[in-house]
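One structure is given here, and the rest of the page talks about it.
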Amino acid sequence: MQENHEKAKEQARVNHVLEVIEKKLRTLEEKTGGLKQDIVSLRKTFWEDVTVNLDEPDDVIETHTSLRQQAELLSERERSHRQFFKQHKNLERLKASPYFGRIDFLEDGEDKSEKIYIGLFSLMDENDEEFLIYDWRAPISSMYYDFAPGPANYKTMDGDITGNIELKRQYIIRQGEIKGMFDTGITIGDEVLQAVLSDQADTQMKSIVATIQKEQNEIIRNDRKKYLVVLGAAGSGKTSAALQRVAYLLYKYREILRADNILLFSPNQLFSSYVATVLPELGEDNMDQSTFYQYLQHRLKDYEVENPYEQLEYILSGKRDENYWVRKKAIRFKASLSFKQLIDAYVHNLQSDGMMFKNISFRGEVFISKQEIKEYFYSLGKQISIPNRIQLLKDWLLIKMDEKEKEEKGKEWVLQESELLDREDYLKVYRKLQKEQRFSENTFNDFEREENMLADWIIKRKLAPLRKKINELAFVDVRGLYIDLFTWARKAQHSVQLPNEWEKIGEMTAKQIKRRILCYEDATPYLYLKDRLEGKLIYTKVRHLFIDEAQDYSPFEFAFFREIFPNSRMTILGDINQSIFTFALGGQNGLTLSDELFPDEELEKIILAKSYRSTKQIVEFTKEILNDEQEIIPFNRNGNLPRLTTVENKQLLHQAIIKTLGDLQSRGYETIAVICKTAREAKQAFDELSQAMDFHLIKKETRSYEKGLLIIPSYLAKGIEFDAVIIYNASSNIYSDEEERKLFYMACTRAMHELFLFSIGESSPFLNQVSEDKYVRG
């Protein structure tokens, strides 16, 4: 009886809050409607309300002032409209579920506790005097995530506030009605988590701030150190916590931080699409997102840069001849800090000798030779850094260009070009010169002056591409220098231990680069060398860098991030057990070497051991695939044991998979992934299985996907979850190399509710160490 009375009181409060929301929505709609009319009117009458007079200097000043005032008025109205529109959207979000938590907090020194209701956004009462709801990111709200009933505290600008939590309550509110209400302890109650985790998988990640755990809250609100490394088991909520961390930072530092000051390096475009709705759901603009590969493509436009998944596909399914093993060694060495050290030694040597330049030619003739350029470069003195000497060299070359312009003026080719000008070009020159007021109305009839003006224009136009290349520092032969690095390293004295296959690695590298192809393992080192010579491109706008799936970035790439984002704070998220590039990188990655890469006093690590994505049965099965001692704790959500089915051939494999898929669909699962090892295997599976059922084939170019049946290569599935997962072929001839163990583990951990593994013949040796009671054979 008491419980029903309490629920009725709580529902009455929800109803009151909804009334306040409705009133505020009506007020906002009146304001935004009026503002919209103001903006439209201002745009229409903009020039009518501006005094334009350019006859006298005083009039020019008055016109400028009038323009500025009118523009500022319009800008202020548009800013207000955007702000009201954002408030309107947030209030609409609150209508369905105004809040999800409550704590009753008695502050030390006070007589009466305060009831603090926590939701997605803050809400004041009708008079804007009292908080009806506190934003989940507000300092006071942190107690909801961090403390059980009893002593508690929270931080403010003025110091710590201490007191006692007398009650901690959770709500499940749907469409304004309380569906569940629980008084809880230190963690967010199992009832709410169970309700959320039992949902179907979606094609978009959801932000469930109601279920943030204490350890996740520590990540979200952490701003103690410059570098935060989060090591989390599969399904531990790393990415979700990171995105909610972005929302928290934008809230806390809203006066100085905007969404475009934050950059996320995500693993692929599919993943970017998957997480794209989280921040808008929290009322924030989306941060900039990019893959590191897209960044490399942008910086290395002169090359065809290999996609990292093409590199991975080669390693997973390439013909294992001599070239395969040489390239594998090359990938490992080029990913290492040793290779960076080698490039640094090479650049140091270039201070005094060895720089390479390109001839500067005009009309098929060299007019500044690479030898002349080199001599001028080294005449500038060793005390000047290479990038600064390159800038001085550029200025010298542009002076040489000016001299070339004068030298070419009287040459026959210029006269011939002027005679061949078509009417359109001729008129273009005439208008340009007229605009520059370099002659009176009759000047163009003066043949000699006309000839001079046309000559100037023709020479400038012909030399413009050359000037552009000089300004872009194209005269520096970075390609030649990168190739020369491999020869130099073999002969010079340095402290770096080179692989035994170094000569072959150099030959393989040179062959590709001469064809203007950069293998993925060369892209970052090549760009690093280019920046060391021409000057670093530093991104000062990025104040906070997020790197997800960080276990798949090399130590060299991490060192490069520090070079181009020197002032940026970083949040680095990953799981060493999901290192899908491990076999390519030889076990080394930025996560394993984070202690070497970041100063100890600027680095903090947080470990998330509890896995929420999968059922207890799937977590206990998948963690036995690993051969390390890392603790992975399953959340107590029960389901079926994973099932391993062995078949004799592909025909029986496809029949068994089709039957299983039909059964999963009949049970209401909407997002089911058939995970293949490689893109090649995925395409073959798609060609066969799609004859019986409708599938989406996911490729590296895929940006998003719909609910339904998916066929996807293992490496594109990372970071994403599905209702059910079918491992297409878990046989020993597909997954056998020890280096592929983590790839196999990662594929299996994508499953939320059901996991099925099929094997043609003997199953993978990775399953040999899994206890028989952790799965069933079918």
Side-chain angles (χ1 to χ4, degrees), residues 200-205 232-236 238-240 266-275 291 293 307-310 312-313 315-317 548-552 573-575 577-583 611 613-614 618-619 621-622 625 642 657 661 664 669-686 689 695-730 734-735 740-758 764 766:
Q200 300 289 322
D202 208 334
T203 58
Q204 300 287 351
M205 176 180 277
S236 58
K238 299 181 295 295
T239 302
S240 177
S266 53
N268 53 55
Q269 292 176 329
L270 186 64
F271 181 89
S272 298
S273 168
Y274 180 62
V275 302
T291 64
Y293 174 64
N307 189 292
Y309 296 118
E310 290 169 357
L312 189 57
E313 192 78 16
I315 294 296
L316 288 172
S317 56
D548 206 352
E549 303 293 343
Q551 70 278 357
D552 290 324
L573 311 126
D575 176 11
N577 287 324
Q578 294 182 69
S579 305
I580 66 170
F581 285 90
T582 298
F583 40 83
S611 179
R613 174 188 297 135
S614 308
I618 292 173
V619 173
F621 169 80
T622 53
I625 293 170
I657 288 175
L661 288 168
L664 289 169
Y669 293 125
E670 296 180 331
T671 307
I672 306 167
V674 177
I675 299 183
C676 301
K677 181 180 174 185
T678 64
R680 183 187 299 176
E681 186 182 62
K683 178 65 169 66
Q684 291 169 352
F686 176 78
L689 293 172
F695 284 91
H696 301 288
L697 176 62
I698 305 298
K699 305 175 185 176
K700 66 178 184 294
E701 302 85 10
T702 305
R703 292 177 179 271
S704 62
Y705 65 93
E706 303 296 325
K707 285 186 176 180
L709 305 179
L710 315 174
I711 297 180
I712 186 169
S714 55
Y715 47 79
L716 290 180
K718 66 175 178 175
I720 302 175
E721 60 191 23
F722 308 99
D723 290 331
V725 163
I726 290 173
I727 302 298
Y728 176 73
N729 188 0
I734 299 295
Y735 293 99
E740 296 169 351
R741 182 184 293 274
K742 290 178 178 179
L743 182 73
F744 184 68
Y745 165 78
M746 185 275 294
C748 293
T749 57
R750 301 306 94 200
M752 287 177 63
H753 307 294
E754 300 279 357
L755 174 62
F756 292 85
L757 302 94
F758 290 89
S764 168
F766 306 148

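Each residue takes its place number in the sequence, starting with 1.
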_Listed partners of F621 passing ring pair (Phe, Tyr, Trp, His ring centres under 6.0 Å), at least two apart_ = Y775

_Contacts of type ring pair (Phe, Tyr, Trp, His ring centres under 6.0 Å), residue Y309, not counting sequence neighbours_ = Y715

*Residues in ring pair (Phe, Tyr, Trp, His ring centres under 6.0 Å) contact with F695, at least two apart in sequence or another chain*: none

_E754: which residues meet the salt bridge (charged side-chain N to carboxylate O under 4.0 Å, His left out) condition with it, sequence neighbours left out?_
R667

*Non-neighbouring partners of R613 that pass salt bridge (charged side-chain N to carboxylate O under 4.0 Å, His left out), sequence neighbours left out*: E721

*Start with the C-alpha gap between I625 and F744, add the side-chain angles, then the distance that decides, and say whether side-chain contact (heavy atoms from CB on, under 4.5 Å) holds.*
CA-CA 8 Å; I625 293 170; F744 184 68; 3.9 Å; yes

*With sequence neighbours excluded, residues passing side-chain contact (heavy atoms from CB on, under 4.5 Å) with T239*: M205, L243, F271, V275, D548

_Within the structure provided, determine whether L270 and I698 are in side-chain contact (heavy-atom separation under 4.5 Å)._
yes

*asked:* Can you list everything that forms a salt bridge (charged side-chain N to carboxylate O under 4.0 Å, His left out) with E313? Sequence neighbours excluded, please.
replied: none

*Do I726 and F758 have side-chain heavy atoms sitting under 4.5 Å apart?*
yes

_Quick check for you: to the nearest 0.5 Å, what is the distance between L757 atom CG and Y735 atom OH?_
9.5 Å

_Please report the interatomic distance CD(E740) to CZ(F766), rounded to the nearest 0.5 Å._
6.0 Å

*Got a sec, which residues hit side-chain hydrogen bond (donor to acceptor under 3.5 Å, both in side chains) with E670, two or more places apart in sequence or on another chain?*
K707

*Any donor and acceptor pair, going by atom type alone, linking the side chain of T622 with main-chain N or O of C748 inside 3.5 Å?*
no

*Got a sec, which residues hit ring pair (Phe, Tyr, Trp, His ring centres under 6.0 Å) with F722, two or more places apart in sequence or on another chain?*
none

*Kindly indicate, with the supporting measurements, whether the criterion side-chain contact (heavy atoms from CB on, under 4.5 Å) is fulfilled by C676 and I711.*
CA-CA 7 Å; C676 301; I711 297 180; 4.0 Å; yes

*Under the side-chain hydrogen bond (donor to acceptor under 3.5 Å, both in side chains) test, which residues partner K718, sequence neighbours left out?*
D552

*Counting only N and O atoms by type, is there a donor-acceptor contact under 3.5 Å from the side chain of D723 to the main-chain atoms of I672?*
no

*Any side-chain donor near an acceptor of the partner, Q578 and D575, under 3.5 Å*: yes

*S272 side chain to N268 main-chain N or O, any donor-acceptor pair under 3.5 Å?*
yes

*State which residues pass side-chain contact (heavy atoms from CB on, under 4.5 Å) with K699; sequence neighbours excluded, sorted by chain then number.*
L697, E701, T702

*Go through the structure and list residues passing salt bridge (charged side-chain N to carboxylate O under 4.0 Å, His left out) with E681, not counting sequence neighbours.*
none

